[in-house]
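Taking it in order: structure first as C-alpha cells, then the write-up.
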Amino acid sequence: MANKRYTDAATALEGLLFDGMTICAGGFGLCGIPERLIDAIEASGVKDLTIASNNAGIDGQGLGKLLRSRQVKKMISSYVGENKEFERQYLSGELEVEFCPQGTLAERCRAGGAGIPGFYTKTGVGTQVAEGKETKVFDGQEYILERGIRADLAIIKGWKADESGNLIFRKTARNFNQPMATAGKICVAEVEEIVPVGSLDPDTIHLPGIYVKRMIVGAPYDKQIEFRTVRERVSA
C-alpha cells in the first residue's frame, strides 16, 4: 500500500500546483474547510486560479486569503454574501464570478466525479442562471443544461481517516467535501486524525480511500465563528 500520509500541507501539494489551474475546495462558510491546504496554496504564490466552492470564506479567512492575495481569477460559487473583498473585486471587474445555485453546484461536482458531463435541471429556469444555456422540455416542463465540473485538484477537510485514505466527515462538513473530493483529478485531504487500517467501521466510511491520493493531519484547529451572536441580558 502506497504511503498517502505527508508531513505538512506544502509537501502534500508539491508538484500539483500550477498557474491557471482549477481547484474544487470543500467546506461551507468556515465549517469543514481545508485550512492548512489553503495556507499552503497562498504561500506557493500560484495565481490565475479558478476555484469551485460554495463560498469564498470571509475576509481574511478560508478562501478569503487567496482573494486577498489576488491569486484567484474566477470563482464558481453559490453564496458570497459574507466577503467584502469578494464583493469589491467582483463589482470592480477584477474577479470573474460564475454564480451557481447551491444544490446545482453540489450536483455539478458530483456529476463530474461520476463521469457525467452534463445534466438537466429546473433550478434557474427563467432567471439569469439560465442565460446562454441550452434548454430542453421534458413532460411539458422546461429544463436547463448544467455542465459537470472537473478540476485539476480537489482540496478537502475530513474528520478521521485511516492510513489507506478511507475517510469520515463530521456532521454538516460532509455536504460539500464529499462531492468536491470526487471531482478533482487528484484529491488532497487534511484530517484531524489518522488511525491504523482496520480501525474504522466500513459502514461509517463516507469517502473511499481510492479517491484520496495524499493527506495530512491538520490538527489542532482554532474554531472560527463567522457571526458571534449573543442574547441580550435581561435586566433584573
Side-chain angles (χ1 to χ4, degrees), residues 1-17 21-44 51-55 57 61-63 65 105-116 148-224:
M1 180 180 67
N3 182 19
K4 297 182 178 182
R5 182 169 182 171
Y6 286 70
T7 55
D8 55 60
T11 305
L13 292 172
E14 188 173 348
L16 302 181
L17 303 177
M21 70 185 302
T22 298
I23 298 175
C24 277
F28 188 104
L30 296 180
C31 176
I33 62 173
E35 298 177 40
R36 308 294 179 241
L37 295 171
I38 291 171
D39 288 344
I41 291 172
E42 180 185 21
S44 76
I51 300 181
S53 173
N54 177 65
N55 59 288
Q61 296 291 339
L63 291 173
K65 294 180 178 180
L105 178 60
E107 179 61 14
R108 288 180 67 189
C109 292
R110 190 206 68 81
I116 299 170
I149 293 176
R150 287 290 288 164
D152 300 297
L153 173 68
I155 54 172
I156 64 167
K157 164 74 183 332
W159 174 48
K160 187 181 293 188
D162 67 17
E163 291 168 339
S164 66
N166 294 309
L167 194 148
I168 298 173
F169 300 107
R170 190 169 188 271
K171 300 184 178 179
T172 57
R174 179 179 178 182
N175 287 352
F176 270 95
N177 277 296
Q178 190 171 24
M180 295 299 188
T182 66
K185 295 177 183 176
I186 295 178
C187 173
V188 180
E190 67 177 74
V191 297
E192 297 183 31
E193 182 183 4
I194 296 177
V195 299
V197 172
S199 300
L200 302 178
D201 179 352
D203 287 335
T204 67
I205 291 170
H206 298 135
L207 183 69
I210 192 172
Y211 290 107
V212 179
K213 297 296 186 278
R214 303 180 182 184
M215 58 183 175
I216 62 165
V217 173
Y221 294 94
D222 294 324
K223 176 62 178 175
Q224 302 290 335

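With sequence neighbours excluded, the residues that form a side-chain contact (heavy atoms from CB on, under 4.5 Å) with Asp162 are Ser164, Asn166, Val195, Val197, Leu200. Under the salt bridge (charged side-chain N to carboxylate O under 4.0 Å, His left out) criterion, Glu14 pairs with no residue at all, not counting sequence neighbours. Evaluation of the side-chain contact (heavy atoms from CB on, under 4.5 Å) rule for Ile210 yields Pro208 as partners, not counting sequence neighbours.
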Next on the checklist: Run the side-chain contact (heavy atoms from CB on, under 4.5 Å) test on Leu63 and Asn55 for me, step by step, so that the C-alpha distance in whole Å, both residues' side-chain angles and the decisive distance to 0.1 Å come before the verdict.
Outcome noted: CA-CA 8 Å; Leu63 291 173; Asn55 59 288; over 6 Å; no
Checklist entry - Please walk me through it: do Thr11 and Asp8 pass side chain to side chain donor-acceptor pair (under 3.5 Å)? => result CA-CA 6 Å; Thr11 305; Asp8 55 60; 2.8 Å; yes
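Under the 4.5 Å side-chain criterion, counting only non-hydrogen atoms from C-beta, Ile149 is not in contact with Met180. Residues Ile23 and Ile41 meet the side-chain proximity criterion, which asks for heavy atoms closer than 4.5 Å. Inter-residue side-chain proximity for Leu13 and Ser44 is flagged as unmet; no heavy-atom pair is nearer than 4.5 Å.
Residues Gly29 and Asn54 approach most closely at N-ND2, 4.5 Å, considering heavy atoms. Across Val212 and Gly165, no two heavy atoms sit closer than the pair CG2-O, 3.5 Å. Pairing each heavy atom of Pro34 with each of Gly26, the nearest pair is CD-O, 3.4 Å. Leu30 and Gly62 make their closest contact through CD2-N, 4.4 Å (heavy atoms, listed as atom of the first residue, atom of the second, distance). Nearest approach of Ala12 to Val188, heavy atoms of both residues: CB-CG1, 4.0 Å.
Side chain of Lys4 to backbone of Gly209: a donor-acceptor contact under 3.5 angstrom is found. Put simply, the side chain of Arg150 gets close to the backbone of Ala183: a donor and an acceptor are under 3.5 Å apart. Looking at Arg174, its side chain never comes within 3.5 Å of a backbone N or O of Phe169 through a donor-acceptor pair. Using a distance-only test at 3.5 Å, with no hydrogens or angles considered, no donor-acceptor pair links the side chain of Lys65 to the main chain of Glu42. Remark: the backbone N or O of Arg36 is paired with a side-chain donor or acceptor of Glu190 at under 3.5 angstrom.
Of the residues Ile205, Ile194, Val191, the one that meets the side-chain contact (heavy atoms from CB on, under 4.5 Å) test with Leu167 is Val191. Paired with Glu192 under the rule side-chain hydrogen bond (donor to acceptor under 3.5 Å, both in side chains), one option of Lys157, Arg170, Lys160 passes, and it is Lys157. Exactly one of Leu37, Leu16, Ile33, Ile51 qualifies for a side-chain contact (heavy atoms from CB on, under 4.5 Å) with Ile155. That residue is Leu37.
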